[in-house]
Amino acid sequence: MKAAVFKKQNEMAVIEVPKPKPGPGEVVLKVHNCGICGSDLHAVQYGMGLKADTVMGHEFCGEIHDLGEGVSGFKLGDRVTALPFISCGECDRCRADDGMHCERTRGLGLGQLPGGYAEFVMCGAASLLKLPDNVGSREGALVEPLSVGLHGVNRAGLKPGTGVVVMGAGPIGLSATAWARARGATVVVSELAPGRKELALKFGAAAVVNPRVENPARKIAELTGQLPEVVFECIGVKSTLASAIEMVGLRGKVVVLGVCMEPDTIVPLNCILKEIGIEFIVGYNRAEFQETIDALASGKINAKQMITDVIGIEEVPAMFDSLRNPGARAKVMVEFPH
Ligand SMILES: [Zn+2]
Ligand SMILES: [Zn+2]
């Protein structure tokens, strides 16, 4: 089968790899869609110890193509998405729906197990969630990034009327915006790229400001009467954490969803004087995946509009190169014939 793989730092390729076979408790999906994630771009840019020919991709959706021994509750052809990891299912963390942090968990698409930039992908049956008929496969592949935003919003403890700044209108910033709105917060999005403004408004931002022209925190104060109670950092480059700290109001919270891969500097005094909290976020749980699927099915979140490009597997390496400067692009979706 064809797969898009990591070759070496800053180099992807499309190659033939063996089609997976499911072991006990596993299934093989015929992949319909797989989204390109900022983490994948980071991994290729920095190498991160990935071996040559690693199949990447952890935001996927497809139909069940092959069932391993002992799998029940699913049949061939069922359309599903999956938490992109296989955990032990037995430890305290797994039992508390925190399989992401199970000590024996193995992730898909970032080096441990092959991911979804391939015609077929092997997953754990325990990680699968069925998609209703009115949730398309492109949306199915958005459940993962939307669940990241939901997890951040859940950790922030938003209440109706909370003033929020979201830094960055990429897919994760848009997800955080949509969920913050769903919880009744007032959201100002801070974004430099003019092409992403419309998109952020569609996801429910009350205003989108260019932080070089206008202070997003002041904009929230204009709208809500006080500085932001929560700032979501969804960019993940050097100095954005310091900007988030600067913007948040007294006893507010900075929620870090952006993944900065380099040493970065903050001045603790700026946090101390305002007694702020900083929460670092990774992943999601099964309940958040299910809530996301329900929100897509009911139309509470119209996520499809974050897809700016749909490409075939052959175009993945060139797209990874162009995404070094994403411009107005948000989510790029790889699609397989289905
Ligand atoms: Zn991702
Ligand atoms: Zn476990």
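If you read the sequence from its start, that first residue is 1, and numbering goes on from there. Remember, it's 1-based here, ligands and their atoms both numbered in the order they're listed. The structure displayed is predicted, hence computed values, not measured ones.
- Here the Zn ion (ligand 2) is the vertex; the SG atom in C94 and the SG atom in C91 give an angle of 110° (to 10°).
- Among the heteroatoms counted here (N, O or S) of E59, OE2 is the one nearest to the Zn ion (ligand 1).
- Taken to the nearest 0.5 Å, the CE atom of M333 stands 9.5 Å off from the CD1 atom of I36.
- Defined by atom type and a distance below 3.5 Å, a donor-acceptor pair is present between the side-chain atoms of D294 and Q290.
- Between D66 and F120, every side-chain heavy-atom pair lies at or beyond the 4.5 Å cut-off.
- Residues L50 and M56 are in side-chain contact: their nearest non-hydrogen atoms beyond the backbone lie under 4.5 Å apart.
- Remark: at the Zn ion (ligand 2), atom SG from C102 and atom SG from C88 enclose 110°, rounded to the nearest 10 degrees.
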